[in-house]
Protein chains: 2
Amino acid sequence: MSGAAAVVAVDNNRRADLLRVAARLFRERGFDGTTIRDIADAVGMRSGSPFYHFKSKQEILAAVMEEGLVAGLPTAEAIVAGGLAPREKFRALVRAHLETVLAEGHDFIPVLLYDWRCLTPLLRQRVLVLRDRYDQLWQDLVTELYRAGELASDGKVARLLLMGAINYSVLWYREGQGSDLDQIAQEAVAMFLRRAA
Amino acid sequence: MSGAAAVVAVDNNRRADLLRVAARLFRERGFDGTTIRDIADAVGMRSGSPFYHFKSKQEILAAVMEEGLVAGLPTAEAIVAGGLAPREKFRALVRAHLETVLAEGHDFIPVLLYDWRCLTPLLRQRVLVLRDRYDQLWQDLVTELYRAGELASDGKVARLLLMGAINYSVLWYREGQGSDLDQIAQEAVAMFLRRAA
DNA sequence: CCTACCGATCGGTAGG
DNA sequence: CCTACCGATCGGTAGG
């Protein structure tokens with residue numbers, strides 16, 4: 001292994017460390033409630049050092065959001081493009097999404113959902129490129145469900161109501177208390193889909 | 001009118017001004033993204049003066065939330081206790097709730113929803129007394145809908161999924177763009193309720 | 001990535 | 001409710 005490759009690997013690890021820790025802190029305390037010093041402390045750096053990896057605190061926020069989208073998109077795309085029946089496809093997407101927003105260490109998308117307003121318009125536009133792809137996946141599935149007679153509505157509001165029901169879980173779900181992810185997905189399917197005649 | 005009564009009225013007005021402005025700013029920028037100076041400026045006070053009306057910034061946050069709950073509870077209670085059929089009761093509660101979180105100047109409950117984590121545990125406990133009453137109303141209606149065959153699920157998760165679908169609108173609804181409140185309420189009824197056989 | 005630091009801003013207070 | 005202020009903290013930077 002070359003020395004240069006080792007250095008790059010270390011750099012990537014430190015950057016990844018910062019993103020993971022920042023995601024957790026942003027989720028717990030919010031973007032404005034988290035300081036650069038909190039983040040630096042949590043990875044064992046001095047307070048000025050995160051700026052060696054990121055130009056600004058805002059850039060960390062945008063990178064956290066993009067990291068979450070890049071990690072979540074392939075799974076979601078595979079489910080929607082797959083050959084499952086609409087009902088099973090919905091269950092799988094809901095289940096995968098719950099994992100994305102509720103599982104231990106999965107703090108990236110919750111930050112996107114609830115600190116979106118903290119992004120400057122320019123960075124918002126950048127993250128939107130990926131976010132739009134994620135939303136489009138859901139929109140496509142909503143249409144498929146509607147055509148299959150499984151959903152009462154088509155359109156954007158239908159998608160937003162569904163995603164809201166799922167995303168809101170970030171504010172109430174606590175691991176080990178009450179329903180687990182499978183049960184919540186099951187219940188969403190039962191509540192929102194009608195059995196196709 | 002006595003002088004004392006006039007002074008009290010003025011005091012109440014200034015306090016109410018602070019709450020209304022704080023609610024709007026907290027909603028737009030978040031609790032941690034809003035400064036006491038922002039709030040004071042917006043009502044034409046100096047930066048130290050809000051502390052004549054409230055002990056701390058946290059107390060303003062708690063008061064904003066309680067104000068929203070006190071304003072919203074009577075309407076919601078009347079709907080749930082009223083004699084409408086379950087389906088119409090649901091439509092009316094959803095419609096009223098949309099008004100509570102989306103109408104111009106109705107910034108109090110959105111702050112409760114999305115800055116809950118900014119409250120200290122002690123104040124959280126205080127606000128929870130009123131919040132629990134609001135949640136219980138929804139829970140009662142969920143049970144009524146389930147028994148009437150209008151809803152596929154009963155229980156807490158069912159309630160949270162429904163409230164999530166509605167509450168999430170705070171993050172996407174823009175007045176004058178897309179569906180209006182009546183249309184959104186209509187669509188929620190169509191999507192979540194099954195026509196009782 | 002650390003040291004050492006800066007200018008700006010923050011929540012809150014004493015005294016009137 | 002204003003004046004005048006405080007100690008603490010903030011995001012960010014220069015130089016190494």
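A note on names: the letters A, B, ... follow the listed sequences, proteins ahead of strands, and every chain is numbered from 1.
Here the straight-line distance linking atom CG of B:L19 with atom CG of B:L61 works out to 10.5 Å at 0.5 Å rounding. Rounding to the nearest 0.5 angstrom, the gap separating the CG atom in A:L123 from the CD atom in A:Q58 is 6.0 Å.
For residues 151-166 of chain B, the pairs satisfying side-chain hydrogen bond (donor to acceptor under 3.5 Å, both in side chains) are B:Q139-B:R159, B:T143-B:D154, with sequence neighbours left out.
B:T35 comes within 4.0 angstrom of sugar-phosphate atoms only, judged by non-hydrogen atoms across all strands, and of no base.
Other residues, nucleotides and ligands place no more than 12 heavy atoms under 6.0 Å from the CZ atom of A:R147. Environment of CZ in A:R126: crowded, with over 12 heavy atoms of neighbouring residues, nucleotides or ligands closer than 6.0 Å.
Proximity of a side-chain donor or acceptor of B:K57 to a complementary backbone N or O of B:T35 within less than 3.5 Å is not detected.
With D:dC1, C:dC1, D:dG11 as the choices, the nucleotide that has an atom nearest any side-chain atom of B:Y52 turns out to be D:dC1. Distances were taken from every side-chain heavy atom of B:S49 (C-beta onward) to each of D:dC1, C:dG11, D:dG12; the shortest belongs to D:dC1. When the nucleotides D:dG12, D:dC2, C:dG11 are ranked by their closest atom to the side chain of A:S56, D:dG12 comes out on top. Side-chain atoms of A:R37 lie closest to D:dC10 of the nucleotides C:dC1, D:dC1, D:dC10.
Between A:R46 and C:dT3 there is a side-chain N or O to OP1 or OP2 distance below 4.0 Å. Contact annotation: B:R14 side-chain N/O to D:dC1 OP1/OP2 distance is under 4.0 Å.
Spacing between atom CZ of A:F51 and atom C1' of D:dC10 amounts to 10 Å, rounded to whole angstrom units. For B:D32 and D:dC10, the CG to C1' distance is 13 Å, given to the nearest whole Å. Per the geometry, CE belonging to B:M45 stands 13 Å off P belonging to D:dT3, to the nearest Å. Computed from coordinates, the A:F31 CZ to D:dG11 P distance equals 8 Å when rounded to whole Å. The CG-P distance, from A:L25 to D:dC10, rounds to 13 Å in whole Å. Nucleotide C:dT9 holds its P atom 15 Å from the NZ atom of A:K57, rounded to whole Å. In this structure, B:R29 atom CZ and C:dT9 atom P are separated by 14 Å, rounded to whole Å. Remark: C1' of D:dG12 and CD of A:E59 are 14 Å apart, rounded to the nearest angstrom.
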Scan nucleotides 14-16 of chain D against the protein and return all N/O pairs shorter than 3.5 Å with their distances rounded to 0.1 Å.
none

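Contact record, A:A76 with A:L137: CB-CD1, 3.6 Å, taken as the closest heavy-atom pair.
Ring pair B:Y134/B:H97 is tilted by interplanar angle, where 30° to 60° counts as tilted.
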Next on the checklist: Both atom distances under 3.5 Å, Watson-Crick or G-U wobble: I'd like the secondary structure of DNA chain C as a dot-bracket string, with | for pairs made across strands.
Outcome noted: ||||||||||||||||
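The pair B:R20-B:E67 fails the salt-bridge criterion, with no side-chain N (NZ, NE, NH1 or NH2) lying under 4.0 Å from an Asp/Glu carboxylate O.
For the residue pair B:D140/B:Q136, the side-chain donor-acceptor check at 3.5 Å is satisfied.
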